[in-house]
Amino acid sequence: MVNSKVSYTHGFKEELSYLFPFNEKRNVFDTEIAAYLLNPSRKSYSLSSLFPLYLGEGLSFEKEEELLPKILSLGRILKKKIEEENLDKILYEVELPLSHVLSETEIVGIKVDRKKLIEIRNELRKRVIEIVKEISDISGFSINPASPKQVSYLLFEKLGLPRIKKTKSGYSTDQETLFKLRELHPVVDKILEFREINKLLTTYFEVLPKLVDENDRIHTKFIQTGTATGRLASREPNLQNIPIRSEIGKKVRESFIAEDGFVLGSFDYSQIELRILAHFSKDERLIKAFREGKDIHRETASGIFGVPPDKVTKSLRRKAKTINYGIIYGMSPHGLAKELGISDTEAKRYIDRYFERFSGVRKFIDELIEKAKKNGYVETILGRKRYVPELNSKNHNTRKLGERIAINSPIQGSGADIIKIAMVNVWRKLRGKKSRIVLQIHDELLVEIKEEEADEVKEIVKREMENTLSLDVPVIVDAGIGKNWLECKT
DNA sequence: CCTGACTCGC
DNA sequence: ATGCGAGTCAGGA
């Protein structure tokens with residue numbers, strides 16, 4: 001970058017979408033991504049918000065001829081700041097190349113089985129109408145079950161069911177609450193069923209068929225400056241929250257398919273965040289378990305509950321899994337208690353035991369929070385920063401939130417760093433082939449693979465993903481192949 | 001038009 | 001009151 005002319009852009013990915021085919025353009029400096037790396041917590045990275053921030057003046061819309069000079073000044077200022085904060089490597093080697101990958105991924109899109117979506121949509125429309133009728137028949141009241149207010153009115157005022165949880169405006173009717181009420185009145189199950197079906201119907205089955213292009217492909221937009229941790233976000237539609245758990249949800253996933261002559265390959269990092277925790281904390285037991293290829297939740301259960309690994313029951317393993325992920329999210333004993341349905345003191349015992357057995361993790365977390373308080377920010381494995389002003393709050397809850405942010409962001413953000421590098425490397429390796437990355441879902445890449453290239457591409461993607469960065473523990477990628485996304489499940 | 005409640009994913 | 005998101009709807013402005 002030193003000796004060559006730099007082109008300044010604002011919204012490089014969008015600019016690239018006009019430049020098909022995708023020759024990698026270098027010597028670019030993007031003001032939007034630069035501002036994001038300098039502070040990923042901002043609400044907006046629009047020029048009109050960056051000009052006053054970095055140039056000390058507003059964007060005058062009457063004087064369009066001043067726009068380009070202003071972008072140039074902004075670019076030069078940001079470039080200096082990026083270098084001062086040692087963010088140049090992540091900008092030039094990760095985010096800007098990634099803009100190419102994302103631009104192409106958006107344009108390529110992903111194919112759906114439009115007919116199947118429409119068929120299921122029509123079934124679910126009928127079912128939703130039936131359920132509304134059933135709710136009325138069972139309870140004697142006609143309500144709109146999509147209205148929490150009306151559901152609350154029915155359950156608590158008309159049927160007199162116990163009020164379990166409050167919201168700002170009244171009594172909660174969320175899933176957790178309804179599960180507790182289902183034995184008390186048959187209408188509760190109907191409301192739960194309505195909620196599940198209506199959610200999937202309105203969010204996916206009604207929407208996706210409207211978004212297909214002439215080849216039945218759907219094109220999401222990846223937001224590269226949308227999260228405080230460095231993750232991507234996806235919108236219009238969000239393809240990072242396609243259902244997988246419920247039976248009807250699986251049908252959505254089943255509707256994402258490969259083009260004729262292609263298969264879909266799903267490649268997902270196995271427990272990447274826990275491996276990053278092991279790497280950062282250097283905790284001996286955690287590192288040993290991963291190096292020996294152990295089932296980490298089983299090992300954790302064994303440590304916490306004091307039973308040999310082969311005597312760990314499913315229930316104990318599930319508890320340990322919740323604790324493992326709870327640690328990453330900075331969960332309190334109270335939160336863990338609620339999640340596991342145990343007492344606060346019991347939950348505290350579990351957490352104390354965890355930190356006894358994994359003392360490296362305790363030390364790491366303490367030092368992380370100390371460092372965050374001292375520096376004002378936390379960093380990922382690549383030096384991506386996130387400021388944590390919450391740690392200086394006078395409000396206890398806000399400070400606690402700051403601690404959770406300080407714990408979670410380096411872990412979640414490092415996961416984002418790793419998969420972003422992998423995407424760039426995979427994309428470069430796939431040049432000249434027919435196979436293409438079609439989605440990224442935080443720790444998973446979905447690749448549409450030309451059948452003839454299957455063996456080779458599977459090998460490339462797995463290898464590139466597993467070898468982005470060298471951690472103190474192995475990085476493992478699980479791969480699955482299928483004609484639709486659900487089939488790829490490993 | 002925005003906010004709250006809710007639910008989908010990692 | 002466990003981290004990070006997006007989308008839907010109802011209901012009120």
Side-chain angles (χ1 to χ4, degrees), chain A residues 40-41 128 143-153 165-178 191-192 194-208 211 220-223 225-246 248-250 252-253 268-274 277 322-340 344 347 351 378 386 388 390 396-398 400-416 419 439-445 485:
Chain A
S41 303
V128 156
I143 61 156
N144 177 359
S147 163
K149 195 177 172 184
Q150 293 182 39
V151 170
S152 170
Y153 172 79
K165 185 160 75 169
K166 279 194 164 183
T167 67
K168 281 183 187 176
S169 54
Y171 295 102
S172 175
T173 66
D174 67 9
Q175 205 171 63
E176 190 196 350
T177 305
L178 294 188
I191 292 165
L192 281 165
F194 175 91
R195 285 257 176 90
E196 186 200 342
I197 294 178
N198 202 47
K199 169 77 180 177
L200 298 172
L201 175 62
T202 57
T203 309
Y204 305 104
F205 292 104
E206 293 283 5
V207 174
L208 296 178
L211 295 174
T220 186
K221 293 182 177 73
F222 286 105
I223 306 157
T225 57
T227 71
T229 55
R231 273 191 179 179
L232 300 175
S234 156
R235 68 172 184 217
E236 298 170 31
N238 181 357
L239 295 184
Q240 290 181 322
N241 71 344
I242 298 302
I244 187 161
R245 284 162 196 161
S246 73
I248 306 168
K250 285 181 174 143
V252 184
R253 208 162 265 240
D268 69 291
Y269 283 109
S270 166
Q271 298 153 344
I272 188 69
E273 295 191 338
L274 289 173
L277 177 66
T322 303
I323 294 168
N324 272 330
Y325 284 98
I327 296 293
I328 290 172
Y329 298 151
M331 195 188 251
S332 66
H334 183 62
L336 180 67
K338 232 173 152 241
E339 186 73 25
L340 293 181
D344 285 19
I351 292 176
V378 287
R386 177 179 184 180
V388 197
E390 291 86 352
H396 175 262
N397 287 336
T398 306
K400 283 288 176 193
L401 172 66
E403 293 183 3
R404 295 193 296 272
I405 289 171
I407 296 166
N408 178 261
S409 292
I411 297 172
Q412 188 184 117
S414 297
I419 197 167
L439 283 182
Q440 186 253 49
I441 314 98
H442 309 307
D443 64 352
E444 173 186 4
L445 292 183
W485 193 359

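Within every chain, numbering begins at 1; the chains are lettered A, B, ... in the order of the sequence lines, protein sequences first and strands thereafter.
Using a 4.0 Å heavy-atom distance criterion, A:L401 is classed as a sugar-phosphate-only contact. Nucleic acid contact for A:I407: none, since no nucleic acid atom lies under 4.0 Å from a heavy atom of the residue. At a threshold of 4.0 angstrom between heavy atoms, the contacts of A:A228 are confined to the sugar-phosphate backbone, with no base atom among them. Across all strands, A:I223 comes closer than 4.0 Å only to sugar-phosphate atoms, never to a base (heavy-atom distances). Across all strands shown, A:N397 has heavy atoms under 4.0 Å from sugar-phosphate atoms exclusively, and none from any base. Using a 4.0 Å heavy-atom distance criterion, A:I441 is classed as a sugar-phosphate-only contact.
In this structure, A:K400 places its NZ atom where only 12 or fewer heavy-atom neighbours from other residues, nucleotides or ligands lie under 6.0 Å away. Other residues, nucleotides and ligands place more than 12 heavy atoms under 6.0 Å from the OH atom of A:Y325.
The shortest distance between the side-chain N/O atoms of A:S332 and the OP1/OP2 oxygens of C:dT2 is below 4.0 Å. Listed pair A:T167 / B:dA5 meets the phosphate criterion, a side-chain N or O lying under 4.0 Å from OP1 or OP2. Residue A:S147 places at least one side-chain N or O under 4.0 Å from the OP1 or OP2 atom of C:dG11. Taking side-chain N and O atoms only, A:K149 has a distance below 4.0 Å to OP1 or OP2 of C:dG12. Considering only side-chain N and O atoms, A:S169 lies under 4.0 angstrom from the phosphate OP1 or OP2 of B:dA5. The shortest distance between the side-chain N/O atoms of A:R195 and the OP1/OP2 oxygens of B:dC8 is not below 4.0 Å. Phosphate contact (OP1/OP2 of C:dA10, side-chain N/O of A:N144, threshold under 4.0 Å): present. For the pair A:R404 and C:dT2, the criterion of a side-chain N or O lying under 4.0 Å from OP1 or OP2 is not met. Remark: A:Q150 is in phosphate contact with C:dG11, judged by side-chain N or O atoms under 4.0 Å from OP1 or OP2. Contact annotation: A:T202 side-chain N/O to C:dG7 OP1/OP2 distance is not under 4.0 Å. Taking only side-chain nitrogens and oxygens, A:K168 comes nearer than 4.0 Å to OP1 or OP2 of B:dG4.
If you measure from atom CE of A:M331 to atom P of C:dC4, you get 14 Å, rounded to the nearest angstrom. Rounding to whole angstrom units, NE2 of residue A:H334 and C1' of C:dT2 are separated by 11 Å. A:I272 has its CD1 atom 17 Å from the C1' atom of C:dG3, to the nearest Å. Regarding A:L200, its CG atom lies at a distance of 12 Å from the C1' atom of C:dG7, rounded to whole Å. At whole-Å resolution of the value, CZ in A:F222 and P in C:dG5 are 16 Å apart. What separates CG of A:N198 from C1' of C:dC9 is a distance of 9 Å, to the nearest Å. If you measure from atom CD1 of A:I143 to atom P of B:dA5, you get 18 Å, rounded to the nearest angstrom. Rounded to whole angstrom, the span from the NZ atom of A:K166 across to the C1' atom of B:dC6 amounts to 20 Å.
The shortest non-hydrogen separation linking A:L200 to A:P243 is CD2-CG, 3.4 Å. When all heavy atoms of A:V151 and A:N144 are compared, the closest pair comes out as CG2-O, 4.5 Å. Taking both residues in full, the closest heavy atoms of A:T177 and A:D174 are given as OG1-OD1, 2.7 Å, listed atom of the first, atom of the second, then distance. Across every non-hydrogen atom of A:F222 and A:L439, the tightest pair is CZ-CD2, 4.1 Å. Between A:T220 and A:R235 the shortest heavy-atom distance is OG1-O, 3.1 Å.
Contacts with DNA chain B (heavy atom under 4.0 Å) in residues 234-245 of chain A: A:Q240, A:N241, A:I242, A:P243, A:I244, A:R245, listed by number.
Distance alone, capped at 3.5 Å, is enough to place a donor-acceptor pair between the A:R253 side chain and the A:I242 backbone.
Relative to the side chain of A:Y329, the nucleotides B:dC8, C:dG3, C:dC4 differ in distance, and C:dG3 lies closest. Nearest nucleotide to the A:R386 side chain, out of C:dT8, C:dC4, C:dT2: C:dC4.
One donor-acceptor pair, N or O on each side, does fall under 3.5 Å between the base of B:dC10 and the side chain of A:R231.
From A:Y329, atom OH reaches atom CD1 of A:I411 across 10.0 Å, with rounding to the nearest 0.5 Å.
Between A:A146 and A:P40, the residue anchored closer to the 5' end of DNA chain C is A:P40, taking for each the nucleotide with the nearest heavy atom.
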